[in-house]
Amino acid sequence: MQEVRTRFAPSPTGWLHIGGVRTALFEILFAHRHGGKAILRIDDTDRQRLAPGAIQALIEDLSWVGLHFDEGPSDEEIALADEGYKGGFGIGGPLKPYVQSQRVARYQEVSEELIRLGHAYRCDCTAERLEKERQEQTARREAVGYSGYCRGRNVPASVPHVVRFRIPEDRAIVLADAVKGEVRWEQIILRDPVLLKSDGFPTYHLATVADDHDMKISHVLRADEWLSTAPLHLLLFEALGWEAPVFAHLPPVLGTDGKKLSKRHGATFLRTFREAGYLPEAILNFMALIGWSPGEGEQEEIFTLEELTRRFSLERVNNAGGVFSYEKLKWMNGVYIRKLAAEELEARLRPILVAAGLRVDEEKLMRITPHIQQRLELLPDAIPLVEFLFKEAIERDWSAMLKKGMDAAKAREICARGAEALAAIEGFDAASAEAALRKLAEESGLAAGPVFTVIRIAVTGQKVTPPLFESIYALGQAESAQRLRETAELLAKEVR
RNA sequence: GGCGCUAUCGUCUAAGGGUUAGGACAAGGCCCUCUCAAGGCUUAAAUACGGGUUCGAAUCCCGUUAGCGCUACCA
């Protein structure tokens, strides 16, 4: 059997979209499931929309999220396509180049071949003429599209022109789609589409067909929106006498309103999720479950990349589009945060806390990390939970401390005695702090809850914190006692 | 308008002719508990509509409706 080869062909027009991540994921899962190769190809044929730095950003994002391709543009190729590229993201491969702007000569050659075979022709219709045609068609309420005016005109190569594909008339065409099943077009509606633009660059249709053939792509997995142009691609393969790959059109990723996920639904760039504190593992796992499921009664939904690879199959890809749920992604991110080893979580947290302006003490952070782990959905959720550890002066939430029968005098007493109790401990740790403070609560004659609330706010300033005794241990014996003493003094003024 | 795709709880989905239509997120309740979480238990929640085929349909067929995509010298 022929080697399985898939390709992901994004346009470097901006940051990688989360929907693109799903497509890239499926390309890799499918290829690797069958021991094949996943290829990254840069589709930069639209010279208008190129964004500087986008190729590097694309590969950087892909690799951050854990998607690594087997073949793709080398450093030299990227540098050629993108000024200002500094290197370090090249992939390389034998069927180079993997950047379409570097394959233009090949597309022109294929285009010439198509003209020679009578499947394509040059067209020098002006934009105005085309516009006029369209208006007239609209007025007559006809289907809009190119009339075929230049079909028999033999436009010479010397004048500015495009090359159009000659759509055969009265042809039915059938696509055996690996996801959708058999899709039939009784007649082809497309009207002699442009293959080669007047700037000499190919349109998607020509470039993708030529490349998929040249790069020996066996399976084309792509978004649903390409389904309507699939007949064109099939016809192109046929006209060239090439064997067409297997097509699999993937269901769309939707926003809550059922339309294709876009900016107005919230974050859509992978970069944005990264900056918001999502874990790459969670993103991949979550995206795999939009439009695909393990099925067969499987009720587990947390899978590593390896597990996904082992289970993936096109038969289990859904037909219907799926809504992207930020809620469920967040939950899943929490699941992945909880799976991390404490040291690993600490390492991922540190830069975020530093960026938030905290003077992080590694030892304190390490002590508290296991206790905030089940309290995080996103990495930055840690900031409000741990900042009391790294601030010189804390603001205390007095209103939360002094309520429901707790007055300043009682609170002052608790803090003063709490400070003494903590300071007196030998072999200070969370357990000994707890023992001392529980004893204090008992002796005070008050319920433990309110007493601990006073101490919590005295030590951390906040009413919501990691577990009290672990927080006190993380802060340290001297500092905790000091904060209690300080609170007692502040409350003393209040009492007077 | 034309062509095409799609249709199970609010959302992601399972069930490939026979199940009390299952699980997960979100929501509600209970338990645990020093706050907040996490965790455990639990409740509510769906086969778009109408026709067939069949002993039997969420599942196969047809129609309707609705949504989406494409209809560019964008991909």
Side-chain angles (χ1 to χ4, degrees), chain A residues 9-11 13 43-46 48-49 123 125 127 130 134 138 141-146 161-164 175 177 179-180 183-191 193-199 201-205 207-208 222-231 249 251-252 254 256-260 286 289-302 315 318-332 334-335 338 371-377 381 385 400 434 437-438 441 447-453 455-457 460 462-469 471:
Chain A
S11 290
T13 55
D43 181 353
D44 59 345
T45 56
D46 184 349
Q48 271 26 278
R49 299 199 306 156
C123 164
C125 290
L130 261 19
R134 265 192 283 269
T138 313
R141 293 212 266 158
E142 283 172 12
V144 175
Y146 183 60
H161 64 273
V162 301
V163 175
R164 289 181 183 275
L175 167 70
D177 192 275
V179 171
K180 303 286 180 195
V183 183
R184 246 194 129 73
W185 287 263
E186 290 307 333
Q187 68 260 58
I188 294 138
I189 311 303
L190 304 159
R191 309 275 219 106
V194 170
L195 261 20
L196 207 59
K197 300 182 252 188
S198 54
D199 63 1
F201 278 83
T203 58
Y204 171 88
H205 313 296
T208 197
R222 53 164 34 162
D224 215 325
E225 62 204 83
W226 291 108
L227 186 58
S228 24
T229 44
H249 288 92
L254 311 171
T256 20
D257 56 359
K259 294 198 169 52
K260 233 175 79 179
F286 178 72
L289 263 15
I290 299 184
W292 175 85
S293 73
E296 276 156 39
E298 175 65 83
Q299 308 226 308
E300 184 56 57
E301 47 186 357
I302 302 299
E315 290 77 56
N318 257 160
N319 293 359
V323 174
F324 183 99
S325 163
Y326 293 89
E327 278 300 327
K328 189 156 185 176
L329 206 212
K330 258 198 225 166
W331 164 80
M332 195 172 279
V335 171
R338 272 170 255 138
H371 306 289
I372 62 172
Q373 192 153 15
Q374 69 264 50
R375 294 171 167 77
L376 309 179
E377 272 191 330
D381 291 346
L385 289 175
E434 173 163 12
L437 294 174
R438 280 200 190 277
V451 171
F452 292 154
T453 296
I455 296 173
R456 179 188 311 282
I457 292 171
T460 70
Q462 304 160 342
K463 59 182 174 188
V464 175
T465 70
L468 219 211
F469 315 110
S471 296

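Atoms considered below: every heavy atom in the structure, side chains included; atoms not considered: hydrogens, waters and symmetry mates. The sequence lines fix the lettering, A, B, ..., with proteins before strands; numbering per chain opens at 1.
- Between the P atom of B:G23 and the CD atom of A:Gln299 lies a distance of 7 Å, rounded to the nearest Å.
- Remark: P of B:U35 and CZ of A:Phe452 are 10 Å apart, rounded to the nearest angstrom.
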Legend entry - Sugar-phosphate or base contact per nucleotide [nucleotides 70-75 of chain B; S, B, -; heavy atom under 4.0 Å]: SSSBSB
Considering only nitrogen or oxygen atoms on both sides, find all protein atoms under 3.5 Å from nucleotides 10-15 of chain B and state each distance.
| from | atom 1 | to | atom 2 | distance (Å) |
| --- | --- | --- | --- | --- |
| B:C12 | OP1 | A:Val323 | N | 3.0 |
| B:C12 | O2' | A:Leu289 | O | 2.8 |
| B:U13 | OP1 | A:Gly291 | N | 2.6 |
| B:U13 | O3' | A:Ser293 | OG | 3.3 |
| B:A14 | OP1 | A:Ser293 | OG | 2.9 |
| B:A14 | OP1 | A:Arg316 | NH2 | 3.2 |
| B:A15 | OP1 | A:Arg316 | NH1 | 3.3 |
| B:A15 | OP1 | A:Arg316 | NH2 | 3.4 |

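- Taking atom C1' on both nucleotides, B:C32 is separated from B:U42 by 15 Å, rounded to a whole Å.
- Of the listed nucleotides (B:C36, B:G22, B:C25), B:C25 has the atom at the smallest distance from the side chain of A:Glu327.
- If you take atom P in B:G2 and the same atom in B:U54, they sit 34 Å apart, rounded to whole Å.
- Under the Watson-Crick or G-U wobble criterion, with both distances below 3.5 Å, B:G4 is paired with B:C68.
- Summary of the strand contacts: A:Lys180 and A:Leu468 both lie near RNA chain B, and taking for each the nucleotide with the nearest heavy atom, the more 5' one is attributed to A:Lys180.
- Here A:Glu298 pairs with A:Arg311 under the salt bridge (charged side-chain N to carboxylate O under 4.0 Å, His left out) rule; sequence neighbours left out.
- Residue A:Pro466 is classed as a base contact, given a heavy-atom separation below 4.0 Å to a base.
- A parallel orientation is assigned to the rings of A:Tyr204 and A:Trp226, their planes being inclined by less than 30° (bins at 30° and 60°).
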Legend entry - From CA spacing to verdict: side-chain contact (heavy atoms from CB on, under 4.5 Å), A:Trp292, A:Asn318: CA-CA 6 Å; A:Trp292 175 85; A:Asn318 257 160; over 6 Å; no
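- Remark: A:His205 engages A:His233 in a ring-ring contact (aromatic ring centres under 6.0 Å, His included) (not counting sequence neighbours).
- For the C1' atom pair drawn from B:C12 and B:A45, the interatomic distance equals 15 Å after rounding to whole Å.
- B:A21 and B:A14: their C1' atoms are spaced 9 Å apart (whole Å).
- Heavy-atom neighbours of A:Lys330 NZ from other residues, nucleotides or ligands within 6.0 Å: at or below the threshold of 12.
- Contact check, A:Arg338 against B:A37: no side-chain N or O comes under 4.0 Å of OP1 or OP2.
- Straight-line distance from the CZ atom of A:Arg456 to the C1' atom of B:U35: 4 Å, rounded to whole Å.
- Contact check, A:Trp331 against B:C25: a side-chain N or O comes under 4.0 Å of OP1 or OP2.
- Under the salt bridge (charged side-chain N to carboxylate O under 4.0 Å, His left out) criterion, A:Glu301 pairs with A:Lys328, not counting sequence neighbours.
- Looking at heavy-atom distances under 4.0 Å, A:Lys330 makes no contact with the nucleic acid at all.
- Counting only N and O atoms by type, the side chains of A:His249 and A:Asp177 include a donor and acceptor under 3.5 Å apart.
- Atom CG of A:Leu376 and atom P of B:C36 are 17 Å apart (whole Å).
- Counting any heavy atom pair closer than 4.0 Å across all strands shown, A:Val451 reaches no nucleic acid atom.
- Straight-line distance from the CD1 atom of A:Ile372 to the P atom of B:U35: 19 Å, rounded to whole Å.
- Separating the P atom of B:A15 from that of B:C9 is a span of 16 Å, rounded to the nearest Å.
- Atom-to-atom, CG of A:Asp224 to P of B:C68 comes out at 14 Å; the value is rounded to the nearest Å.
- When both distances must be under 3.5 Å, the Watson-Crick or G-U wobble mate of B:A24 is B:U11.
- For the salt bridge (charged side-chain N to carboxylate O under 4.0 Å, His left out) test, no residue two or more places apart in sequence or in another chain qualifies with A:Asp199.
- Remark: B:U33 base-pairs with no nucleotide in the shown strands. Criterion, Watson-Crick or G-U wobble with two distances under 3.5 Å.
- Nucleotide B:A38 forms a pair with no other nucleotide shown, judged by Watson-Crick or G-U wobble geometry with both contacts under 3.5 Å.
- Evaluation of the ring-ring contact (aromatic ring centres under 6.0 Å, His included) rule for A:Phe469 yields A:Phe452 as partners, not counting sequence neighbours.
- Under the Watson-Crick and G-U wobble criteria, each requiring two contacts below 3.5 Å, nucleotide B:U54 is left unpaired.
- Put simply, CD1 on A:Ile455 is 9 Å from C1' on B:C34, counting in whole angstrom units.
- Look at B:G16: it lacks any Watson-Crick or wobble partner with both distances under 3.5 angstrom.
- Comparing the same atom, P, in B:C25 and in B:U43 gives a spacing of 15 Å after rounding to whole Å.
- Applying the side chain to side chain contact (heavy atoms under 4.5 Å, CB included) test to A:Val323 and every residue at least two apart in sequence or in another chain returns A:Leu254, A:Thr256.
- Every residue two or more places apart in sequence or in another chain that forms a side chain to side chain contact (heavy atoms under 4.5 Å, CB included) with A:Thr460 is listed here: A:Phe388, A:Arg456, A:Gln462, A:Thr465.
- Checking B:G4, B:U6, B:U35 against the side-chain heavy atoms of A:Asn319 singles out B:U6 as nearest.
- When the salt bridge (charged side-chain N to carboxylate O under 4.0 Å, His left out) test is applied to A:Arg338, no partner is found at least two apart in sequence or on another chain.
- Taking the P atoms as reference points, B:A46 lies 12 Å from B:U11, given to the whole Å.
- Taking a 6.0 Å sphere around NZ of A:Lys260, one finds it holds 12 or fewer heavy atoms contributed by other residues, nucleotides or ligands.
- A distance of about 27 Å separates the P atoms of B:G16 and B:C41, rounded to the whole Å.
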Write out a two-atom table: protein N or O, nucleotide N or O from nucleotides 40-43 of chain B, distance below 3.5 Å.
none

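- Residues satisfying the side chain to side chain contact (heavy atoms under 4.5 Å, CB included) test with A:Val464, not counting sequence neighbours, are none.
- Across the protein-nucleic acid pair, A:His371 atom NE2 and B:U35 atom C1' stand 15 Å apart, rounded to whole Å.
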